[in-house]
Amino acid sequence: MNFALILFLLLVATGALWFLDRFHARKLRAAGAPNPWWVEYGASFFPVILIVFGLRSFIVEPFKIPSGSMIPTLLVGDFILVNKWTYGIRLPVINQKVIDINAPERGDVMVFRYPADPSLDYIKRVVGLPGDRVEYVNKRLSINGQPVPIEEVGAYLHPDRLYYSPQFTERLGAVEHSVLIERDAPAFIPQVMNFPGRENCTYTSAGVSCTVPQGHYFVLGDNRDASSDSRVWGFVPEQNIVGKAFFIWFNFNDMKRIGGFH
């Protein structure tokens with residue numbers, strides 16, 4: 001279900017009723033006459049829908065984390081806010097950029113339309129920028145030939161499954177964040193899709209090496225061995241970007257999680 005399209009259609013419908021009432025029908029009603037049903041249940045909702053549509057389309061959009069691919073940074077059930085303007089102003093529904101502001105940076109947590117099915121929104125961490133050579137070999141990440149700094153910091157307890165995963169601190173540019181890497185999981189990338197630009201990637205039993213095309217980004221989940229990401233389905237086109245995730249505003253299971261994250 002395309003919620004942005006539904007909201008847009010509601011905006012058009014209620015807006016048409018509001019303008020009809022404001023500039024025509026209202027003048028024909030007797031003084032003190034009650035509003036007809038189409039005003040009460042249609043036109044009166046137009047200002048509210050207009051505000052919601054504007055906020056959601058150009059300022060901030062709510063998003064719920066659907067999977068564990070970003071553990072430990074984001075957990076299943078986290079409700080987060082996505083900054084819609086930091087990467088540029090886009091037209092709603094068609095997602096066409098009209099004003100360029102900033103470009104994604106390494107380490108950003110980004111929401112985007114899944115390249116294989118743009119009706120779905122995905123969330124991952126930006127690792128590779130256009131032109132970068134990204135290698136994920138033997139579970140070590142390197143960018144342009146330089147290993148990304150990483151340090152083991154103990155174990156992470158999965159509260160829903162009651163088992164531990166090795167936890168590491170990784171630094172991408174100025175962003176320091178946590179990742180999980182399972183020692184017993186295989187290094188090769190299973191079930192790789194035939195995605196646009198796959199010729200830019202080399203797959204071996206030890207992992208993958210890719211050169212990121214211009215206008216695209218390479219993204220990974222922080223839960224490295226439980227994430228379907230650019231290693232599997234390829235690069236994120238610039239036109240698929242939705243925004244930058246920046247704040248957890250609610251979690252039914254743990255109120256302490258409310259706040260910012262890296």
Side-chain angles (χ1 to χ4, degrees), residues 1-12 52-67 69-70 73-74 80-134 136 143-144 172-173 175 189 192-201 208-222 227-247:
M1 180 182 296
N2 190 327
F3 184 74
L5 177 59
I6 293 173
L7 195 62
F8 176 73
L9 294 176
L10 286 174
L11 178 69
V12 172
V52 172
F53 183 79
L55 287 174
R56 188 182 185 278
S57 299
F58 303 109
I59 307 299
V60 65
E61 179 178 351
F63 183 82
K64 182 181 179 181
I65 302 301
S67 73
S69 69
M70 285 298 292
T73 306
L74 296 169
I80 66 171
L81 296 178
V82 178
N83 185 323
K84 296 295 293 287
W85 54 266
T86 189
Y87 297 143
I89 304 300
R90 297 173 184 269
L91 295 177
V93 182
I94 62 174
N95 209 42
Q96 177 64 46
K97 183 188 287 187
V98 292
I99 300 177
D100 197 12
I101 299 179
N102 300 307
E105 299 180 351
R106 293 189 194 94
D108 286 358
V109 177
M110 185 170 74
V111 174
F112 53 91
R113 295 179 176 179
Y114 177 39
D117 183 359
S119 67
L120 302 176
D121 286 339
Y122 269 32
I123 183 168
K124 306 291 179 185
R125 190 177 297 277
V126 177
V127 170
L129 307 180
D132 281 349
R133 183 67 178 174
V134 178
Y136 193 77
I143 301 175
N144 298 325
L172 284 170
V175 178
I189 313 301
V192 177
M193 299 172 62
N194 186 22
F195 54 84
R198 184 171 171 176
E199 66 275 8
N200 290 14
C201 297
V208 61
S209 300
C210 294
T211 298
V212 185
Q214 292 300 316
H216 292 73
Y217 296 88
F218 192 96
V219 297
L220 293 176
D222 289 347
S227 173
S228 176
D229 46 42
S230 287
R231 296 170 293 180
V232 175
W233 42 254
F235 310 103
V236 177
E238 195 278 336
Q239 62 265 28
N240 284 44
I241 293 174
V242 173
K244 180 180 179 180
F246 69 98
F247 191 80

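All of these numbers come straight from a predicted model, not from anything done at the bench.
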Colleague: Give a yes or no on whether the backbone of Leu129 and the side-chain of Asp132 come within a donor-acceptor separation of less than 3.5 Å.
Modeller: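 Judged by distance alone, yes, a pair lies under 3.5 Å.
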
Colleague: For the residue pair Ser228 and Ser69, establish whether any side-chain heavy-atom pair is separated by less than 4.5 Å.
Modeller: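 The answer is no; the side chains never approach within 4.5 Å.
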
Colleague: Taking all non-hydrogen atoms of both residues, which atom of Ile123 and which atom of Ala245 are closest, and how far apart?
Modeller: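 In this case the closest contact between Ile123 and Ala245 is CD1-CB, 3.9 Å.
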
Colleague: Examine distances only and state if a side-chain atom of Asn102 and a backbone atom of Thr86 form a donor-acceptor pair shorter than 3.5 Å.
Modeller: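 Such a contact is found between Asn102 side chain and Thr86 backbone.
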
Colleague: Are side-chain heavy atoms of Arg198 and Val192 found at a separation under 4.5 Å?
Modeller: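 The answer is yes, as the side chains (C-beta and beyond) meet within the 4.5 Å cut-off.
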
Colleague: Starting at CD1 of Ile59, measure out to CH2 of Trp85 and round the result to the nearest 0.5 Å.
Modeller: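 It comes to 8.0 Å.
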
Colleague: Please check if atom CZ in Phe8 has more than 12 non-hydrogen atoms from other residues, nucleotides or ligands closer than 6.0 Å.
Modeller: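 Not more than 12 within 6.0 Å, no.
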
Colleague: Looking only at heavy atoms, what is the nearest atom pair of Arg106 and Val175, with distance?
Modeller: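 Answer, listing the atom of Arg106 first, then Val175: O-CG2, 4.1 Å.
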
Colleague: I'd like to know if the side chain of Lys97 and the backbone of Tyr87 have a donor-acceptor N/O pair within less than 3.5 Å.
Modeller: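 Looks like yes, one N/O pair under 3.5 Å.
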
Colleague: Taking the side chain as C-beta and beyond, is there a heavy-atom pair between Ser230 and Tyr136 under 4.5 Å?
Modeller: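 Contact flag for Ser230/Tyr136 side chains = no.
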
Colleague: In terms of heavy-atom contacts, does CD of Glu105 have more than 12 from other residues, nucleotides or ligands at under 6.0 Å?
Modeller: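 No, not enclosed.
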
Colleague: Look at the aromatic rings of Phe58 and Phe53 and report parallel, tilted or perpendicular, splitting at 30° and 60°.
Modeller: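 Taking Phe53 first and then Phe58, their aromatic rings stand perpendicular (interplane angle over 60°).
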
Colleague: Could you grab the distance from atom CH2 of Trp233 to atom CZ of Phe195, nearest 0.5 Å is fine?
Modeller: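 Reported value, rounded in 0.5 Å steps: 9.5 Å.
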
Colleague: Nearest 0.5 Å please: distance from the CD1 atom of Ile80 over to the CE atom of Met70.
Modeller: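 Reported value, rounded in 0.5 Å steps: 8.5 Å.
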
Colleague: Write down the atom of Cys201, the atom of Val208, and the distance for their closest heavy-atom approach.
Modeller: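 Closest approach of Cys201 to Val208, heavy atoms only: CB-CG2, 4.2 Å.
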
Colleague: Find the distance between CD1 (Ile89) and NZ (Lys84) and round it off to the nearest 0.5 Å.
Modeller: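 With rounding to 0.5 Å, CD1 (Ile89) is 9.5 Å from NZ (Lys84).
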
Colleague: Roughly how far, to the nearest 0.5 Å, is the NZ atom of Lys124 from the CG atom of Leu74?
Modeller: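 Answer rounded to 0.5 Å: 11.0 Å.
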
Colleague: Has the side chain of Lys244 got a donor or acceptor atom that lies under 3.5 Å from a matching backbone atom of Pro104?
Modeller: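 Not a single qualifying donor-acceptor pair exists.
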
Colleague: Can you list, pair by pair, the side-chain donor-acceptor contacts under 3.5 Å of residues 210-222, counting residues two or more places apart and other chains?
Modeller:
unit_1, atom_1, unit_2, atom_2, d
Thr211, OG1, Arg133, NH1, 2.8
His216, ND1, Gln214, O, 3.0
Asp222, OD1, Arg125, NE, 2.9
Asp222, OD2, Thr73, OG1, 2.5
Asp222, OD2, Arg125, NE, 3.4
Asp222, OD2, Arg125, NH2, 2.8

Colleague: With a 4.5 Å heavy-atom cut-off, do Phe235 and Asn200 have their side chains touching?
Modeller: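 In contact.
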
Colleague: Which value, rounded to the nearest 0.5 Å, describes the distance between Asn240 atom CG and Asn95 atom CG?
Modeller: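 Going from the CG atom of Asn240 to the CG atom of Asn95 covers 7.5 Å.
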
Colleague: Is there a side-chain contact between Val242 and Arg113 (heavy atoms, below 4.5 Å)?
Modeller: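 Val242 vs Arg113: side chains touch.
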
